[in-house]
Engineer: 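A single structure is presented below for examination.
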Amino acid sequence: MVELTFSDFTLAIIGGCFIGVSAVLMLLFVGRIAGICGITFSLLDPNQVKKPWRWIFLLGLILGPMLVHHVYNLPIPEAPTDNLPLLIIAGLITGFGTKLGNGCTSGHGVCGIARFSTRSIVATITFMLFGFISVFLLKQVGGF
Amino acid sequence: MTKLAEYLIVLLAGLLFGIGLALSGMNDTKIVQGFLDIFGLWDSRLIFVMLGALIVTIVVFPLILKRKQPLFDSSFHLPTFIKIDRKLVIGSAMFGIGWGLVGYCPGPAIASISYGYCQTIVFIVSMLAGAFICSKTTD
């Protein structure tokens, strides 16, 4: 088990609260769920693409981390794996799966659970379980 | 005027989301894979991030949903479908596998664009392709 420093722990809780406040703003002001896949994938739909709020939310999502690393002087994370087939396969099934299951960690995990949605609770348990299995196979069997 | 206020709030919400992900380490694929690695060197951080977010949303969402409408719109846009079907379970299972393989879920992948890694772009383009294929092949 990784020993978390006090700073790791505090930043995790505070960072989580920021995400919660973001979801609260979206629901209170525009009546929407802050689900990243829902917001992103509707940009693929020609009927939805003209609605600017989705682009604006994603712009904020991209700018937010730049702000943090600049102002707070937090180190930038290391690059993800450079295994190209792995990146493509993971991307494809993440996109297919979150579209089919109508949500990911933000929509189901943060917003859905807070609405006590049974679908979201089932989705969250399922993707966590399969996430554990996936990393187990990748590390213990695949040797990555 | 209301439109401008709406866009500013949405921008702020996006910023807060991105700040939260970066602060908490969730844009780091190693930390996320560490959380999913329960038989290896387990990193518990993601649990605290979810707890932090849920403390806020579980307390405040019910208060907001007592209202008849959001501040800038005439109605809430919430999912109405409540059935637990195969699509939900299979889709979530697929997502879980993809999540573990690289350590990105859709939010952190997009929030990591500014780090300038081409791996991130490859993942996002594949993810959009996957969602597109899904929307064309299932109803």
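Note that this is a predicted model, so its numbers are computed, not measured. In what follows, chains are A, B, ... by sequence order, proteins preceding strands, each numbered from 1.
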Engineer: Supply the atom-to-atom distance I76(A) CD1 to D28(B) CG, rounded to the nearest 0.5 angstrom.
Structural biologist: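 If we round to the nearest 0.5 Å, I76(A):CD1 and D28(B):CG are 11.5 Å apart.
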Engineer: For K30(B), is it the side chain, the backbone, both, or neither that has a heavy atom closer than 4.5 Å to a heavy atom of chain A?
Structural biologist: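 Just the side chain, heavy atoms under 4.5 Å.
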Engineer: Taking side chain as everything from C-beta outward and backbone as N, CA, C, O, which of these in L138(A) sits under 4.5 Å from a heavy atom of chain B? Side chain, backbone, both or neither.
Structural biologist: side chain
Engineer: What distance separates L78(B) CG from R115(A) CZ, expressed to the nearest 0.5 Å?
Structural biologist: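 Taking CG in L78(B) and CZ in R115(A), the distance rounds to 5.0 Å.
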Engineer: So which heavy atom on I97(B) is nearest to which on S134(A), and how close?
Structural biologist: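 I97(B) and S134(A) have their closest heavy atoms at O-OG, 2.8 Å.
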Engineer: Applying side chain to side chain donor-acceptor pair (under 3.5 Å), name anything that partners R45(B), two or more places apart in sequence or on another chain.
Structural biologist: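 Counting only residues at least two positions away or on another chain, R45(B) forms a side chain to side chain donor-acceptor pair (under 3.5 Å) with D43(B).
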Engineer: Tell me, out of L67(A), I113(A), T105(A), T124(A), who's got the most heavy-atom pairs with chain B below 4.5 Å.
Structural biologist: T105(A)
Engineer: Just give me the residue among L86(A), T118(A), L63(A) that pairs up with chain B most often, heavy atom to heavy atom, under 4.5 Å.
Structural biologist: L86(A)
Engineer: Which answer fits I82(B), side chain, backbone, both or neither, if we ask what part of it has an atom under 4.5 Å from a heavy atom of chain A?
Structural biologist: backbone
Engineer: Which one of V24(A), L25(A), L28(A), L27(A) satisfies the side chain to side chain contact (heavy atoms under 4.5 Å, CB included) criterion with V60(B)?
Structural biologist: V24(A)
Engineer: Measure I13(A) against the heavy atoms of chain B and call it side chain, backbone, both or neither at under 4.5 Å.
Structural biologist: both
Engineer: Heavy-atom pairs under 4.5 Å with chain A are the metric here; pick the option from I113(B), I38(B), L8(B), V32(B) that has the most.
Structural biologist: I38(B)
Engineer: Given side chains that start at C-beta, do those of M128(A) and F35(B) come closer than 4.5 Å, heavy atoms only?
Structural biologist: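 They are in contact (side-chain heavy atoms under 4.5 Å apart), so the answer is yes.
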Engineer: When only pairs under 4.5 Å are counted, which of V125(B), I47(B), L21(B) shares the most heavy-atom pairs with chain A?
Structural biologist: L21(B)
Engineer: Could you look at I133(A) and say if it's the side chain, the backbone, both or neither that has a heavy atom under 4.5 Å from chain B?
Structural biologist: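 When you check distances to chain B, no heavy atom of I133(A) falls under 4.5 Å.
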Engineer: Any side-chain heavy-atom pair from S126(B) and L87(A) closer than 4.5 angstrom?
Structural biologist: no
Engineer: Any heavy-atom pair between the side chains of F61(B) and C111(A) that's under 4.5 Å?
Structural biologist: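 Touching, per the 4.5 Å side-chain cut-off.
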Engineer: Using a 4.5 angstrom heavy-atom cutoff, name the option from R119(A), M1(A), K99(A) with the most pairs to chain B.
Structural biologist: R119(A)
Engineer: Let me know if F136(A) has heavy atoms under 4.5 Å from chain B in its side chain, its backbone, both or neither.
Structural biologist: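 Contact with chain B: side chain only.
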Engineer: Side chain, backbone, both or neither: which part of P79(B) has an atom under 4.5 Å from a heavy atom of chain A?
Structural biologist: both
Engineer: For a 4.5 angstrom cut-off between non-hydrogen side-chain atoms, does D73(B) reach V30(A)?
Structural biologist: no
Engineer: Check each atom of V2(A) against the heavy atoms of chain B and say whether the ones under 4.5 Å are side chain, backbone, both or neither.
Structural biologist: both
Engineer: Given a strict heavy-atom distance threshold of 4.5 Å, which part of I124(B) is in contact with chain A: side chain, backbone, both, or neither?
Structural biologist: neither
Engineer: So F17(B) and S106(A), side-chain contact (heavy atoms from CB on, under 4.5 Å) or not? Walk me through it.
Structural biologist: CA-CA 10 Å; F17(B) 207 111; S106(A) 48; 3.6 Å; yes
Engineer: Quick check on F132(A) against chain B: is it the side chain, the backbone, both or neither that has a heavy atom closer than 4.5 Å?
Structural biologist: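 Its backbone and side chain both get close to chain B.
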Engineer: With chain A as the partner, which of I58(B), T57(B), T29(B) has the greatest number of non-hydrogen pairs under 4.5 Å?
Structural biologist: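 Option with the greatest count: T57(B).
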Engineer: Is chain B contacted by the side chain of T81(A), its backbone, both, or neither, given a heavy-atom distance below 4.5 Å?
Structural biologist: both
Engineer: So which part of E78(A) gets closer than 4.5 Å to some heavy atom of chain B, the side chain, the backbone, both or neither?
Structural biologist: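 For E78(A), the contact with chain B is made by backbone and side chain together.
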Engineer: Under 4.5 Å between any side-chain heavy atoms of S135(B) and L44(A), yes or no?
Structural biologist: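 No. Closest side-chain heavy atoms not under 4.5 Å.
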Engineer: Taking G131(A), G101(A), G15(A) one by one, which has the highest count of heavy-atom pairs under 4.5 Å against chain B?
Structural biologist: G131(A)
Engineer: Quick one: do F39(B) and L101(B) end up in the same hydrophobic cluster if we chain Ile, Leu, Val, Met, Phe, Trp and Tyr together by side-chain heavy atoms under 4.5 Å apart?
Structural biologist: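 Yes; tracing contacts between hydrophobic side chains, which count when under 4.5 Å, links both residues.
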Engineer: Test side-chain contact (heavy atoms from CB on, under 4.5 Å) on D37(B) and Q140(A) and set out the steps.
Structural biologist: CA-CA 10 Å; D37(B) 194 8; Q140(A) 312 291 336; 4.1 Å; yes
Engineer: Check each atom of N102(A) against the heavy atoms of chain B and say whether the ones under 4.5 Å are side chain, backbone, both or neither.
Structural biologist: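 The answer is neither part of N102(A).
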Engineer: Select one option (side chain, backbone, both, neither) describing which atoms of S92(B) are under 4.5 Å from chain A's heavy atoms.
Structural biologist: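 When you check distances to chain A, atoms from both the backbone and side chain of S92(B) fall under 4.5 Å.
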Engineer: Where does R67(B) contact chain A at under 4.5 Å (heavy atoms): side chain, backbone, both or neither?
Structural biologist: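 Contact with chain A is through the side chain of R67(B) alone.
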Engineer: State, with a plain yes or no, whether a side-chain heavy atom of M127(B) is found less than 4.5 Å away from one of F41(A).
Structural biologist: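 Yes - at least one pair of side-chain heavy atoms lies under 4.5 Å apart.
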Engineer: Quick check on I31(B) against chain A: is it the side chain, the backbone, both or neither that has a heavy atom closer than 4.5 Å?
Structural biologist: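 Neither; nothing under 4.5 Å.
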Engineer: Drop me the distance from L41(B)'s CG to E3(A)'s CD, to the nearest 0.5 angstrom.
Structural biologist: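 If we round to the nearest 0.5 Å, L41(B):CG and E3(A):CD are 10.0 Å apart.
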Engineer: Determine the option with the most heavy-atom pairs under 4.5 angstrom with chain A, choosing from V102(B), T137(B), V122(B).
Structural biologist: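 Highest number of heavy-atom pairs under 4.5 Å: V102(B).
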Engineer: How long is the gap from OG1 on T138(B) to CZ on F96(A), to the nearest 0.5 Å?
Structural biologist: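 Here the rounded value is 5.5 Å.
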Engineer: So do the side chains of I55(B) and C17(A) get within less than 4.5 Å of each other, counting heavy atoms only?
Structural biologist: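 I55(B) vs C17(A): side chains apart.
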Engineer: Could you name each residue pair satisfying ring-ring contact (aromatic ring centres under 6.0 Å, His included) that touches residues 98-135 of chain B, not counting sequence neighbours?
Structural biologist: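 For residues 98-135 of chain B: H69(A)-Y115(B), F127(A)-W99(B), F95(B)-W99(B), Y104(B)-F123(B).
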Engineer: Flag the pair T94(A) / P106(B) as yes when at least one side-chain heavy-atom distance between them is below 4.5 Å, and no otherwise.
Structural biologist: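 Result yes, sub-4.5 Å side-chain heavy-atom pair found.
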Engineer: Tell me, side chain or backbone of I64(B) under 4.5 Å from chain A's heavy atoms, or both, or neither?
Structural biologist: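 Side chain only.
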Engineer: If you take all heavy atoms of V110(A) and A53(B), which pair is closest and at what distance?
Structural biologist: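 Looking at all heavy atoms of both residues, the shortest contact is CG1-CB, 3.9 Å.
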Engineer: Output the option from L71(B), V56(B), L36(B) having the highest count of non-hydrogen pairs under 4.5 Å with chain A.
Structural biologist: L36(B)
Engineer: Rounded to the nearest 0.5 Å, what's the gap from CG on L12(B) to CD1 on I56(A)? Could you check?
Structural biologist: 12.5 Å
